[in-house]
Amino acid sequence: MAVSRIVLLGPPGSGKGTQGKRLAAECGMPQISTGDLLRRAVKAGTELGQMAQRYMNAGQLVPDDVMLGLIREVLANAASSGFILDGFPRTIAQAEGLDVMLVEIVQPVQRALLLDVDGEVLVRRISGRRVCANCGTNQAPAADGTPAAVGTRCPNCGGELIQRDDDREETVRKRLGVYDQQTAPVVAYYAAQRKLARVDGDQPVDDVYAAMLSALSN
Ligand code: AP5
């Protein structure tokens, strides 16, 4: 695949993490999820984590200057082998800051993939999401759509399955509102740069992945 510097865009629950991890594993590029980085900082109780937790639990974005500092550090190690950015940039200020950083190292974003999914589907998906408190893996619901029970064990590592603090329905709806106000303009930003491809994210996971590969090879 010729494209190696990719931004994954899409509302909360659209499948960025699911697809980003698979793309990273199959294409040998690092997936950089700012949500995962922040959750690790929260778990470790660092200064960044304590500050970020307040915003995350309220369904709000962590301030741009903090996020730009974090991504600058990560990209300093990763940019030469390409990257899949998941959950960053989320504001126009972050998109512009990222462009400035990447121009400095002559590694511009090549493609932005938007995973398109309707809001009510997202609320249902996220309210039923269960993640492992230890390894962070998503536990898919049963075939009839029933989510795994909170407190049961992760099949990968035996850790406890929990609901993310920001996955309660009320917070999910706030996050969707924040996406519409602050992140949707980033879609237009990449469209204006002629880097945007839209993928229907409301289909089975394998079909979404195939559509992404096709968008990346065109
Ligand atoms: P973050 O962790 O990035 O959350 P998000 O963008 O809201 O995305 P999610 O992790 O909820 O969903 P996803 O799109 O990855 O979907 P997933 O694959 O898990 O950020 C959390 C918070 O951190 C933010 O609210 C903010 O406070 C802060 N933050 C992070 N980055 C920031 C930044 N740049 N600036 C400022 N603040 C920042 O899938 C969801 C569920 O659906 C799963 O259960 C999955 O199994 C299921 N699923 C996936 N695909 C399908 C499918 N095709 N069909 C059916 N089910 C599916």
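Ligands are counted one by one from 1 in listed order, and the atoms in each one are counted from 1 as well.
The single protein non-hydrogen atom nearest to atom 31 (N) of ligand 1 is T34 OG1, 2.8 Å, given as residue, atom name and distance. In this structure, atom 52 (C) of ligand 1 lies nearest to the protein heavy atom R125 NH2, 3.2 Å. Ranking protein heavy atoms by distance to atom 15 (O) of ligand 1, first place goes to G17 N, 2.9 Å. Nearest to atom 39 (O) of ligand 1 among the protein's heavy atoms is T18 OG1, 3.7 Å. In this structure, the protein non-hydrogen atom closest to atom 28 (C) of ligand 1 is L38 CD1, 3.6 Å. The protein non-hydrogen atom at the shortest distance from atom 19 (O) of ligand 1 is R129 NH1, 2.6 Å. Among protein heavy atoms, atom 12 (O) of ligand 1 sits closest to G13 N, 2.9 Å.
Screening R39, R175, R130 for a salt bridge (Lys or Arg N to Asp or Glu O under 4.0 Å) involving D167 leaves a single residue, R175.
Contact annotation for R22 and ligand 1: no heavy atom of the residue comes within less than 4.0 Å of the ligand. With a heavy-atom cut-off of 4.0 Å, S33 does not touch ligand 1 at all. The proximity of Q94 to ligand 1, defined as any non-hydrogen pair under 4.0 Å, is limited to the side chain. Contacts between N138 and ligand 1, counted as non-hydrogen atom pairs separated by less than 4.0 Å, involve the side chain only.
Within ligand 1, counting atoms from 1 as listed, the ones closer than 4.0 Å to a heavy atom of Q60 are 26 (C), 27 (O). Listed by number with element, the atoms of ligand 1 under 4.0 Å from a non-hydrogen atom of R39 are 2 (O), 21 (C).
The heavy atom nearest to atom 20 (O) of ligand 1, out of those in M56, R175, R54, R90, is found in R90.
The shortest separation from a heavy atom of A52 to ligand 1 is not under 4.0 Å, leaving the residue out of contact. Under a 4.0 Å heavy-atom criterion, G201 is in contact with ligand 1.
One N or O on the side chain of Q110 and one on the backbone of S4 form a donor-acceptor pair closer than 3.5 Å. A donor-acceptor pair under 3.5 Å is formed between the side chain of R125 and the backbone N or O of G13.
Cluster partners of V178, using a side-chain heavy-atom cutoff of under 4.5 Å among ILVMFWY residues and allowing indirect links, are L61. Hydrophobic clustering, defined by side-chain heavy atoms of Ile, Leu, Val, Met, Phe, Trp and Tyr closer than 4.5 Å, groups L122 together with V117, V121, V123, I126, V172, L176.
Between E120 and R124, no side-chain nitrogen of the basic residue sits less than 4.0 Å from a carboxylate oxygen of the acidic one, so the salt-bridge criterion is not met. Looking at R72 and E104, a side-chain N of the basic residue comes within less than 4.0 Å of a carboxylate O on the acidic one, giving a salt bridge.
Looking at ligand 1, you won't find any N or O of M67 less than 3.5 Å from one of its N or O atoms.
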